[in-house]
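Everything numeric here is computed off the predicted structure, so don't read it as measured data. Just so you know, residue 1 is the first one in the sequence shown, and it goes up from there.
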Amino acid sequence: MSNTNALSAKDRIATLVDENSFVEIGASITKRSTDFNMQEKSVPADGVITGYGLVQNTPVYIYSQDASALNGTIGEMHAKKIAHVYELAIKTGVPVIGLIDCAGMRLQESTDALAGFGKIYKVKAKASGVIPQISAIFGNCGGGVAVLAAMSDFTFMEEKNGKLFVNSPNTLEGNYTEKLDTASAAFQKTASNVDFVVEGEVELLNSVRELVSVLPENNNDTAFSDECMDDLNRVVPDFAAETADPALALEDISDNNFFLELKAGYAKEMVTGFICLDGMTIGAVANRTAVFDENGKETEKFDGRLTTAGCEKAASFIKKCDAFNIPVLTLTNVEGYATTVEEEKTIASAAAKLTSAFVEADVAKVNLIVGKAYGSAYISMNSKHIGADMVFALPSAEIGMMDAQVAAKIMYAGEDGVDLAGKASEFAAQSNTEAAAARGYVDSVIEPESARKQLLYAFEMLYSKSEYPIGKKHGTI
């Protein structure tokens with residue numbers, strides 16, 4: 001059950017939508033099961049309120065589960081109402097927002113409840129890539145409902161009362177809630193299931209409103225935020241110092257310093273999120289080598305290598321951006337792949353997913369190399385070689401196979417009397433931005449303080465990009 005101080009299902013909708021814009025549908029629908037004395041139990045609206053309204057002037061369909069009605073459990077008619085909302089949303093091309101507070105399947109309805117779950121899964125899969133799907137978890141979201149939430153494009157979780165789990169913590173071998181609460185937001189924000197963890201229901205709903213404001217309504221729409229009031233030619237003097245922690249660098253170049261980071265606590269070495277340039281929503285993917293606090297102090301450090309989790313986090317984000325026509329910006333600073341035994345089991349397939357996501361994306365793609373760009377890891381990070389439309393580099397960037405000192409030692413291993421320092425210097429001359437630019441691998445070498453205007457103008461020029469994919473069913477990677 002939800003916390004007694006939590007908003008009701010109706011209050012959550014009222015807080016989410018623009019004032020007086022919600023219209024309820026299916027209010028009279030309720031259960032028809034009479035098994036296990038169900039006829040004696042009152043289940044208003046079958047435990048879920050459904051309808052449509054406006055969020056930031058964007059039309060949306062909404063369902064909000066009512067934990068006061070049989071714990072918000074999903075039965076036959078409950079599922080039918082949610083599926084109907086999805087069917088209408090697909091026809092009209094508008095997002096669906098689900099406010100989840102559910103104890104799972106309604107056991108009294110057995111196979112009818114199972115059939116209802118299947119109906120929701122099917123319609124969510126059909127809607128994937130057509131309309132944005134957002135789930136917000138306020139209370140319980142367990143078992144099959146967790147799968148339902150994971151099928152959404154974006155998932156929010158309330159920090160104190162939200163519970164997300166496929167299996168309850170106490171059912172996991174060797175675990176119990178007091179030891180490790182795997183259903184808690186504290187655990188889930190370090191995993192891949194949740195995009196945003198927010199403390200407070202009102203704050204969470206406001207965060208949903210913020211996300212909706214920068215998303216397109218459907219896959220045929222273009223995402224724009226409010227009219228840009230920021231200086232299009234604004235310089236960013238701190239950009240070079242911020243590139244180690246791209247969350248700061250992206251915020252600095254974005255309109256009015258807007259940056260909405262996704263999965264901030266998961267795979268921190270890879271940053272993903274949305275920025276705005278001249279009002280246009282841009283999806284950003286960046287390698288991170290450090291985390292700085294509000295005082296500029298380094299609190300975490302990373303080695304600039306692609307990891308399995310980081311690759312999969314970025315690949316999933318890129319595919320969502322491509323599905324909804326959101327251009328992609330990359331800040332590249334990578335020197336190779338993670339080097340552990342565990343990573344060796346999965347890094348090749350994860351890097352393949354990242355590479356394929358960039359190749360298959362036909363939206364505008366711009367890459368800014370801000371640090372090291374070494375080897376095939378660099379190739380996978382939206383390089384010109386796999387389809388980036390424009391590639392910029394900072395003067396201090398390094399582009400090549402590997403560190404020059406290491407390369408010299410490898411090339412002349414076992415040879416006596418070789419001037420390794422001289423050979424390293426020769427190799428380094430092939431790894432600078434001028435050499436890459438001379439070969440057309442970099443379109444322009446830019447000063448860091450001009451990053452905002454250079455990237456903004458590049459995306460504006462690419463706004464009308466039109467590229468049609470090869471006629472195939474889908475890729476297999």
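Interatomic distance, OG1 of T243 versus CG of L250, reported as 10.5 Å (0.5 Å rounding). The distance from atom CD1 of I82 to atom CE of M77, rounded to the nearest 0.5 Å, is 12.5 Å. Interatomic distance, NZ of K10 versus OG of S68, reported as 10.0 Å (0.5 Å rounding). Atoms CG and CD1, on N287 and I369 in that order, are 10.5 Å from each other to the nearest 0.5 Å. In this structure, the separation between CG on L99 and CG on L205 is 6.5 Å, given to the nearest 0.5 Å. Taking NE2 of H78 as the start and CZ of R106 as the end, the distance is 7.0 Å to the nearest 0.5 Å.
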- After noting the C-alpha distance and the side-chain angles of N367 and T332, does the key distance pass the side chain to side chain donor-acceptor pair (under 3.5 Å) rule? CA-CA 7 Å; N367 186 10; T332 297; 2.8 Å; yes

- Message: Could you walk me through whether Y337 and S376 satisfy the side chain to side chain donor-acceptor pair (under 3.5 Å) test, starting with their C-alpha distance in whole Å, then the side-chain angles of each, then the deciding distance to 0.1 Å, before giving a yes or no?
- Response: CA-CA 9 Å; Y337 303 103; S376 57; 2.8 Å; yes

- Might you work through the side-chain contact (heavy atoms from CB on, under 4.5 Å) test for M270 and R288, ending with a clear yes or no? CA-CA 6 Å; M270 185 73 79; R288 173 189 264 150; over 6 Å; no

- Item | Evaluation steps, side-chain contact (heavy atoms from CB on, under 4.5 Å), between L277 and R452 | CA-CA 8 Å; L277 294 175; R452 169 174 161 80; 3.9 Å; yes

- Message: side-chain contact (heavy atoms from CB on, under 4.5 Å), that's the test. Do V48 and D66 meet it? Break it down for me.
- Response: CA-CA 5 Å; V48 62; D66 184 359; over 6 Å; no

- Message: Pair K160, E201 - check salt bridge (charged side-chain N to carboxylate O under 4.0 Å, His left out), show working.
- Response: CA-CA 9 Å; K160 291 184 177 179; E201 295 199 4; over 6 Å; no

- Message: Before you tell me yes or no, could you show the steps for N333 and V370 under side-chain contact (heavy atoms from CB on, under 4.5 Å), namely the whole-Å CA-CA distance, both residues' side-chain angles and the distance that decides it to 0.1 Å?
- Response: CA-CA 6 Å; N333 184 12; V370 299; 3.9 Å; yes

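The shortest side-chain heavy-atom distance between F187 and V194 does not fall under the 4.5 Å cut-off. Counting heavy atoms from C-beta outward, F259 and E261 have side chains that approach closer than 4.5 Å. In this structure, D322 and D362 have side chains that are in contact, with non-hydrogen atoms separated by less than 4.5 Å. E24 places a side-chain heavy atom less than 4.5 Å from the side chain of I49. Under the 4.5 Å side-chain criterion, counting only non-hydrogen atoms from C-beta, F196 is not in contact with V208. For the pair L260 and L211, the minimum side-chain heavy-atom distance is below 4.5 Å. Residues L215 and F324 are not in side-chain contact: their nearest non-hydrogen atoms beyond the backbone lie 4.5 Å or more apart. V285 places none of its side-chain heavy atoms less than 4.5 Å from the side chain of L329.
Residues C321 and V363 share a closest heavy-atom pair of O-CG1, 4.2 Å. Heavy-atom minimum distance, A103 versus T73: CB-CG2, 3.8 Å. Taking every heavy atom of both residues into account, A79 and I74 meet most closely at CB-CG2, 3.9 Å. Residues G174 and K179 share a closest heavy-atom pair of O-NZ, 2.8 Å. Shown here for Q188 and A183, the closest heavy-atom pair between the two residues is CG-O, 4.2 Å. The two residues A89 and I131 come nearest to each other via the heavy atoms CB-CD1, 3.6 Å.
Of the possible polar contacts, one joining the S213 side chain to the E210 backbone as a donor-acceptor pair under 3.5 Å is found. Side chain of T355 to main chain of A351: a donor-acceptor pair is present (N/O by atom type, distance under 3.5 Å, no hydrogens or angles). Put simply, the side chain of N175 gets close to the backbone of P169: a donor and an acceptor are under 3.5 Å apart. Here the side chain of D255 pairs a donor or acceptor atom with the backbone of D278 at under 3.5 angstrom. A side-chain donor-acceptor contact under 3.5 Å links S207 to the backbone of E203. With E158 contributing its side chain and G200 its backbone, the two residues share a donor-acceptor pair below 3.5 Å. S254 places a side-chain N or O within donor-acceptor distance of the main-chain N or O of C276, the cut-off being under 3.5 Å. With hydrogens and angles disregarded, a donor-acceptor distance shorter than 3.5 Å links the side chain of K313 to the backbone of Y266. Side chain of S8 to main chain of D11: a donor-acceptor pair is present (N/O by atom type, distance under 3.5 Å, no hydrogens or angles). T155 contributes a side-chain N or O that, together with a main-chain N or O of A149, makes up a donor-acceptor pair within less than 3.5 Å.
Within a 6.0 Å sphere centred on CD of E19, heavy atoms belonging to other residues, nucleotides or ligands number 12 at most. Other residues, nucleotides and ligands contribute at most 12 non-hydrogen atoms within 6.0 Å of the CD atom of E344.
No option in K91, K119, K124 other than K124 meets the side chain to side chain donor-acceptor pair (under 3.5 Å) test with Y86. Paired with I100 under the rule side chain to side chain contact (heavy atoms under 4.5 Å, CB included), one option of S64, S152, S135 passes, and it is S135. Just one of I137, T182, N140, V145 meets the side chain to side chain contact (heavy atoms under 4.5 Å, CB included) condition when paired with L164; it is I137.
Geometrically, K320 engages F154 in a cation-pi contact, judged by NZ or CZ lying under 6.0 Å from the ring centre and within 45° of the ring axis.
D181 and K163 are joined by a salt bridge, as a carboxylate oxygen and a charged side-chain nitrogen come within less than 4.0 angstrom of each other. The residues D46 and K81 are annotated as not salt-bridged, no charged nitrogen and carboxylate oxygen being separated by less than 4.0 angstrom.
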Scan the side chains in residues 381-390 for donor-acceptor partners under 3.5 Å anywhere in the protein, sequence neighbours excluded, and list what turns up.
{"from": "N382", "atom 1": "ND2", "to": "T330", "atom 2": "OG1", "distance (Å)": "2.9"}
{"from": "N382", "atom 1": "ND2", "to": "V366", "atom 2": "O", "distance (Å)": "3.3"}
{"from": "S383", "atom 1": "OG", "to": "I379", "atom 2": "O", "distance (Å)": "2.9"}
{"from": "S383", "atom 1": "OG", "to": "H385", "atom 2": "N", "distance (Å)": "3.4"}
{"from": "K384", "atom 1": "NZ", "to": "D443", "atom 2": "OD1", "distance (Å)": "2.9"}
{"from": "K384", "atom 1": "NZ", "to": "D443", "atom 2": "OD2", "distance (Å)": "2.5"}
{"from": "H385", "atom 1": "NE2", "to": "Y378", "atom 2": "OH", "distance (Å)": "3.2"}
{"from": "D389", "atom 1": "OD1", "to": "K465", "atom 2": "NZ", "distance (Å)": "3.2"}
{"from": "D389", "atom 1": "OD2", "to": "K365", "atom 2": "N", "distance (Å)": "2.8"}
{"from": "D389", "atom 1": "OD2", "to": "K465", "atom 2": "NZ", "distance (Å)": "2.9"}

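The aromatic ring centres of Y63 and Y52 sit 6.0 Å or more apart.
Counted by atom type alone, N170 and T177 present one or more donor-acceptor pairs between their side chains at under 3.5 Å. For the residue pair E251/N257, the side-chain donor-acceptor check at 3.5 Å is not satisfied.
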